[in-house]
Amino acid sequence: MRQNGDAEKVTIKIHPKRQNLSREEARVDLAIRVPRQTLLRVESEQGTLLVEDIEGGVTVEGVGNSVTLARIRGDITARTVEGPILVRS
């Protein structure tokens with residue numbers, strides 16, 4: 001975790017120890033909790049992204065992701081090269 005003034009940034013990078021893993025072998029499930037009133041930015045390559053119950057702005061950028069945004073109160077920016085984006089109230 002890195003802090004810049006009042007802002008905090010958390011970066012999580014996952015690197016497999018070997019090549020040519022199947023989808024199931026390469027699967028990683030992360031549940032990250034942040035304060036409800038957060039400006040949130042998520043960047044990901046492949047997989048399912050679910051962001052819910054945020055009262056700040058949300059930016060999601062992905063490649064090959066399925067993105068679901070639920071109960072977001074604030075500005076939303078979502079981009080994915082391949083995959084659906086669903087916004088629910």
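Start at 1 with the first residue, then count along the sequence. No hydrogens, no waters, no symmetry mates; every other heavy atom, side chains included, goes into these values.
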**OP:** Say whether V81 and I85 are linked into one hydrophobic cluster, either directly or through other cluster members, by side-chain heavy-atom distances under 4.5 angstrom.
**Re:** no
**OP:** Could you note down all residue pairs passing salt bridge (charged side-chain N to carboxylate O under 4.0 Å, His left out) where residues 65-75 supplies at least one of them, sequence neighbours left out?
**Re:** E52-R71, D53-R71
**OP:** Apply side-chain contact (heavy atoms from CB on, under 4.5 Å) to V28 and list each qualifying residue two or more places apart in sequence or on a separate chain.
**Re:** I14, L30
Original post:
Going hydrophobic residue to hydrophobic residue with side-chain gaps under 4.5 angstrom, can you get from V34 over to I72?
Top reply: yes
**OP:** Establish whether L39 and V51 are linked, either directly or via other cluster members, by ILVMFWY side-chain heavy-atom contacts under 4.5 Å.
**Re:** no
Subject >> Under the side chain to side chain donor-acceptor pair (under 3.5 Å) test, residues paired with S44 that sit two or more places apart >> reply: N65
Original post:
Would you say V87 and I76 make side-chain contact, with heavy atoms under 4.5 Å?
Top reply: yes
Original post:
Do T38 side-chain atoms and L40 backbone N/O form a donor-acceptor pair below 3.5 Å?
Top reply: no
Subject >> Test side-chain contact (heavy atoms from CB on, under 4.5 Å) applied to S22 - qualifying residues, sequence neighbours left out >> reply: E24, E25
Original post:
Who passes salt bridge (Lys or Arg N to Asp or Glu O under 4.0 Å) against R33, sequence neighbours left out?
Top reply: none
Subject >> Contacts of type side chain to side chain donor-acceptor pair (under 3.5 Å), residue Q37, not counting sequence neighbours >> reply: E55
**OP:** I would like to know whether L69 and V60 meet side-chain contact (heavy atoms from CB on, under 4.5 Å); could you show each step before the answer?
**Re:** CA-CA 9 Å; L69 304 168; V60 175; 3.9 Å; yes
Subject >> Residues that R41 engages under salt bridge (Lys or Arg N to Asp or Glu O under 4.0 Å), provided they are two or more places apart >> reply: E43, E61
Subject >> Partners meeting side chain to side chain donor-acceptor pair (under 3.5 Å) with N20 (sequence neighbours left out) >> reply: none
Original post:
Quick one: side-chain contact (heavy atoms from CB on, under 4.5 Å) partners of T48, sequence neighbours excluded?
Top reply: S66
Original post:
Which residues pass the side chain to side chain donor-acceptor pair (under 3.5 Å) test with R88, sequence neighbours left out?
Top reply: none
